[in-house]
Amino acid sequence: MCDCCKHHEQHELPKTYDHHQVEQKWYQIWEENGYFSCKNNEGGEPFSVVMPPPNVTGQLHLGHAIDNTMQDILTRWHRMMGHQTLWVPGCDHAGIATQAKVEEHLAVDGISKYDLGREAFVDKVWDWKHQYHDRIVKQLKMLGSSCDWDKERFTLDEGCNDAVNEVFVRLYNEGLIYRGTYIINWCPKCQTTISDIEVEHSDHPGHLWHLRYPLADGSGEVVVATTRPETMLGDTAVAVHPDDERYAGMIGKKIMLPLMNREIPIIADDYVDMEYGTGAVKITPAHDPNDFEMGLRHNLPQITVIGKDARMTEAAGEYAGLDRYDCRKAVVEAMDKLGLLVKIEDISHAVGECYRCGSVIEPLISPQWFVKMEPLAKPAIEAVLNGDIRFVPQRFEKIYLGWLENIRDWCISRQLWWGHRIPVWYCQDCGEVICQKTEPECCPKCGSHKLQRDEDVLDTWFSSGLWPFETMGWPDAEKMAEMQKFYPTSVLVTGRDIIFFWVARMIFTGLHFMEEKPFSDVFIHGLVLDAQGRKMSKSLGNGIDPIEIIEQYGADPLRFMLITGNTPGNDLRFQTERLEASRNFCNKIWNASRFVMMNLTDYQPGKGELNYSLADKWILSELKAAAASISNNLGKYELGEAARQIYDFTWDCFCDWYIEMSKPRLYGNDPVERYTAQTVLVEVLTSILKLLHPFMPFITEEIWQALPHEGETIMLAKWPEADKMTDYPEEAAVMALNMEAVRAIRNIRAEMNVQPGKKLELIFATDTAAEGLQQGEIYIKALAGAESMSIVPASTAAPEQAAVAHIRGVDIYLPLKGLIDLDKEIARLKKEIGNMDKEIKRLEGKLNNSGFIAKAPADVVEGEKVKLADYSEKKASLLERVAELNKLA
RNA sequence: GGAGGCGUAGCUCAGUCGGUUAGAGUGCUUGCUUGACAUGCAAGAGGUCACUGGUUCGAUUCCAGUCGUCUCCACCA
């Protein structure tokens, strides 16, 4: 680098944008100045979002990154539009997940939760919570999330506990929460129940054992088929279909259950599928949900043979104490020895597994708490059907409705220590069940002080299901008063994987307790997949830590990459190339800004004479169109499309064209031209920064601060509204034609291998576009690399040694002495004529079709006619030139 | 067994009310130290819009079916 360059460098911004420092700096300033607070824009239309609370023991992954980026984009956009904006952050206590993690950690030191006892263990979990909470908050801040930290909540904080107790007691008093002994999903590893949706079904290879069950009177036998032979020890019936002729005579007879030597009846039930297996089913009411139901219908005894530890109980007789799978082997062997094993069939069948730990779920009978779903589901279905709540994309409504329409009661009690304890006490003397928000002094029925609180806690989703209103202070009327305007919230942004777990539950609790929907729109996004299109998972080890990406590339590129090239609801592949493209975009903006600022040394806003030229009117028109379209797309949750449009406008319109157009005017010696160019550069760049700010908050603030501006932060700057901008359609069209001329000339330069530095002499032969070309001369010369340009009547013939191009109404002649290879030039022109021919043919065909003329809208027909005229004109012009050249040849 | 998504350039994806010479990024080819940027500039090649049929003056777009692919739901022992 020479000395003079060094000298310049000192005054300039660095050539490449470095996000380090910038991002942290601005987040801190924003936070310290209270820009995230919902108190800004007081009186503006309210806009509110509640953050899907991340599990407190986890750490952020790309799924959180996309989720929070989308919320942040919407929040920042609305804030800039002057809306009073609230984005509530928070974490979820994540009952099973967190408890399991802490237990695992303790196990390393050989400590079990029982060694500590309930209270000390829960204290330990709180320690963990604090540690991980801080990490998550840090990660959310790194991402740029503009949430109101003053309103931060935790699903297990005091307020949420109050809400949970209120809800529980009210539902209990309404008869919508009940305790009952039913068959539930038991995870033998987590040692707790889980709800139906927490059971994941996947196909596994297994066997279908066909077992011979002899009749008690020795008159025959029934062959039953089962995938779980060990459960036969708890069989209390064999069921056949009432219409099954094979078993018609046997219904009502007794079976002598082998191994147990117990008599059980043969019953008839519609549930049995005659086609499957042998058409006869062994019934184990205590260990199968269907058998349980059938047992109730037929009043069958329930014999529990598998315990909560997944070992056989005393009721299993000689098999007591065996693990369920060891018992399976033993039972099969014993049956085989007795000659009662008919055959073993290999099959693939669905096995239920715990969504947390993957253990095979055991259906067991146990006393648990349930929420009665039917009365709650009804309004939740109605709210979506009548359009009160809208899913984006709409197809997710079907998924939501399908689930609620077939829902079963929700098992909410969990045998854990970490969570909201069930607000129920049992009187040890009279057995009274007391359900109330606070601990009772004594039994209201018998006065006894011997009260025992229910040991269980509630399903995590019971408390997160109240999120949109518990975060607004409910049920505390005083706290609510301040927040009321934010309920219902505007939109819920979340992944499609928790529509059932969370979205549905918030909807029915909101409708029930607030008597109003919790949100108007549900904006569903897909998963972030790896570069090969696989789900990111621990087992595959293909997960990507957003923090590492942010450190390497910055939050802005990550955010931009996560929302571009994607449509609502679809999965997104994480690709480094796309991340690099986003980073390059940052750099592009940085350098465009650098260019603008370098040319502002003598600029004083509002202190000069303005005279908009063609180029100015063109870019301002483009800006208006872009702003309108971006707002429109944001309103439709088409974030990817909005981002693409700001990208295109910035790179293509502003950088590739307008900045280049501004150069001859900045470097010329007309002060009005220079001042006007400066003004438009600043104005358009400022608008770009604002339009881009929701997507890339950090770099936009950094640059905005260096430009002339009003206000303290771009965060609260006014969103560019297209309605308030001016466009100049006529001048923009003229400029567009000039740009077309530039492209045509550049094309010839490239094809003819004209040296980039060589200045051309341009001749435009036209009768229609002369004025526009005259006005655009300064730009055309600069952008096409010309030293002179003349405009002549259309009838003027081209010089012999010239290349020719044609745009609407204009023949462009490029005198290129010595560079024209006659044959090559003819070939080039003929190729273009060929293209025109193809199009002309197509258009003629269309226009000759009487159906098209008669039925297509007039403007479409007109448009095709204009096209045909244009192509024909171009073809004629080029043909003429070819004829001239042929004469020369 | 049901339900849904996806199938468009070598790759990853856009394409909103049916009419565009079907687009972008990336990769590829060619040429460039162009007074912001080589994380760049300019020009270019590259597509039977999975297949078949239907509706229509006209289908990448709407409908039906087929194939491929991914996902969700489901108590068939």
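Quick note on labels: first sequence line is chain A, next is B, and so on, each numbered from 1.
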Asks: Does a side-chain N or O of A/Arg496 approach OP1 or OP2 of B/C72 to a distance below 4.0 Å, or not?
Replies: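 So the side-chain polar atoms of A/Arg496 never come under 4.0 Å of the phosphate oxygens OP1 or OP2 of B/C72.
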
Asks: It should be established whether A/Tyr871 places a side-chain nitrogen or oxygen under 4.0 Å from OP1 or OP2 of nucleotide B/U21.
Replies: yes

Asks: Over 60° means perpendicular and under 30° means parallel, so classify the ring planes of A/Phe654 and A/Tyr658, tilted if in between.
Replies: parallel

Asks: Distance check, P atoms only: B/A22 and B/C49, in whole angstrom units.
Replies: 10 Å

Asks: Can you measure A/Phe574 atom CZ to B/U12 atom P for me and round it to whole angstrom units?
Replies: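 So the CZ-P distance, A/Phe574 to B/U12, works out to 16 Å.
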
Asks: Report yes if at least one side-chain N or O of A/Thr16 is closer than 4.0 Å to OP1 or OP2 of B/U39; otherwise report no.
Replies: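 No, no such contact exists.
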
Asks: Counting heavy atoms from C-beta on, name the nucleotide in B/C76, B/A14, B/U12 closest to the side chain of A/Gln575.
Replies: B/U12

Asks: Is it the case that the side chain of A/Arg246 and the backbone of A/Met274 share a donor-acceptor pair, with hydrogens and angles ignored and the cut-off at 3.5 Å?
Replies: yes

Asks: Tell me the interatomic distance from A/Asp837, atom CG, to B/U21, atom P, rounded to whole angstroms.
Replies: 16 Å

Asks: Which listed nucleotide (B/A43, B/C32, B/U39) is nearest to the side chain of A/Asn584?
Replies: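 When the side chain of A/Asn584 is considered, B/U39 is the closest of B/A43, B/C32, B/U39.
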
Asks: Using the P atom in both, what is the distance from B/U56 to B/C67, to the nearest Å?
Replies: 27 Å

Asks: Name the orientation class of the two ring planes belonging to A/Phe560 and A/Phe585 (parallel below 30°, tilted from 30 to 60°, perpendicular beyond 60°).
Replies: tilted

Asks: With the side chain counted from C-beta on, respond yes when A/Pro363 and A/Asp288 share a heavy-atom pair under 4.5 Å apart, and no when they do not.
Replies: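 No, too far: nothing below the 4.5 Å cut-off.
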
Asks: If you check the A/Lys15 side chain, which of B/C37, B/A77, B/A14 turns out closest?
Replies: B/C37

Asks: Under 3.5 Å, is there a donor on one side chain and an acceptor on the other for A/His349 and A/Asp203?
Replies: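 There is no such pair between these side chains.
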
Asks: Taking only side-chain nitrogens and oxygens of A/Lys588, does any of them come within less than 4.0 Å of OP1 or OP2 of B/C41?
Replies: yes

Asks: Is a donor from one side chain sitting under 3.5 angstrom from an acceptor on the other, for A/His298 and A/Asp269?
Replies: yes

Asks: Taking the six-membered ring for Trp, are A/Tyr400 and A/Phe391 parallel (under 30°), tilted (30 to 60°) or perpendicular (over 60°)?
Replies: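 Correct class here is tilted.
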
Asks: Can you confirm whether the side chains of A/Thr284 and A/Lys282 place a donor and an acceptor under 3.5 Å from each other?
Replies: yes

Asks: Check this one for me: any side-chain N or O of A/Arg842 less than 4.0 Å away from OP1 or OP2 of B/U20?
Replies: yes

Asks: Are any of A/Arg573's side-chain N or O atoms less than 4.0 Å away from OP1 or OP2 of B/C13?
Replies: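 For B/C13, OP1/OP2 do have a side-chain N/O of A/Arg573 under 4.0 Å.
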
Asks: Between B/C73, B/U26, B/A43, which nucleotide gets closest to the side-chain atoms of A/Phe500?
Replies: B/C73

Asks: Look at the side-chain N and O atoms of A/Tyr667 and state whether any lies under 4.0 Å from the OP1 or OP2 oxygen of B/A36.
Replies: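 Checking B/A36 against A/Tyr667, a side-chain N or O does come within under 4.0 Å of OP1 or OP2.
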
Asks: The side chain of A/Glu839 is closest to which nucleotide in this list: B/U12, B/A45, B/U21?
Replies: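 For the A/Glu839 side chain, the nearest candidate turns out to be B/U21.
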
Asks: Rounded to whole Å, how long is the line connecting atom CH2 of A/Trp657 with atom P of B/C41?
Replies: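 Interatomic distance, CH2 of A/Trp657 to P of B/C41: 13 Å.
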
Asks: Which nucleotide, B/A42, B/C57, B/C37, lies nearest any side-chain atom of A/Asn587?
Replies: B/C37

Asks: Take the angle between the ring planes of A/Trp590 and A/Tyr17 and call it parallel below 30°, perpendicular above 60°, tilted in between.
Replies: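 Rings of A/Trp590 and A/Tyr17: tilted, as their planes differ by 30° to 60°.
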
Asks: Under 4.0 Å between a side-chain N or O of A/Asn599 and OP1 or OP2 of B/G35?
Replies: no

Asks: Sub-3.5 Å donor-acceptor pair from the side chain of A/Asp291 to the main-chain atoms of A/Ala286, do we have one?
Replies: no

Asks: Starting the side chain at C-beta, find the nucleotide from B/C37, B/A77, B/A14 nearest to A/Thr567.
Replies: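 Closest nucleotide to the A/Thr567 side chain: B/A14.
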
Asks: Can you tell me which nucleotide in B/U21, B/A43, B/A36 comes closest to the side chain of A/Cys655?
Replies: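 Selected nucleotide (nearest to the side chain): B/A36.
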
Asks: Between B/U56, B/U16, B/A36, which nucleotide gets closest to the side-chain atoms of A/Lys855?
Replies: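 Side chain of A/Lys855 sits closest to B/U56.
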
Asks: Look at the side chain of A/Asn747 and decide which nucleotide, out of B/G19, B/A43, B/U16, has an atom nearest to it.
Replies: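 Nearest to the side-chain atoms of A/Asn747, counting from C-beta on, is B/A43.
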
Asks: Dot-bracket, 5' to 3', for RNA chain B please: Watson-Crick or G-U pairs under 3.5 Å, [ ] where pairs cross earlier ones, | where the partner sits on another strand, dots elsewhere.
Replies: (((((((..((((.....[...)))).(((((.......))))).....(((((..]....))))))))))))....

Asks: Applying a 4.0 Å non-hydrogen cut-off, can you work out what A/Trp209 is touching in the nucleic acid: base, sugar-phosphate, or nothing?
Replies: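 Nothing, no nucleic acid heavy atom in range.
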
Asks: When you measure from the side-chain N and O atoms of A/Lys663 to the phosphate of B/A36, is any distance below 4.0 Å, counting only OP1 and OP2?
Replies: yes

Asks: Quick check on contacts: within residues 398-405 of chain A, what sits under 4.0 Å from RNA chain B by heavy-atom distance?
Replies: A/Lys398

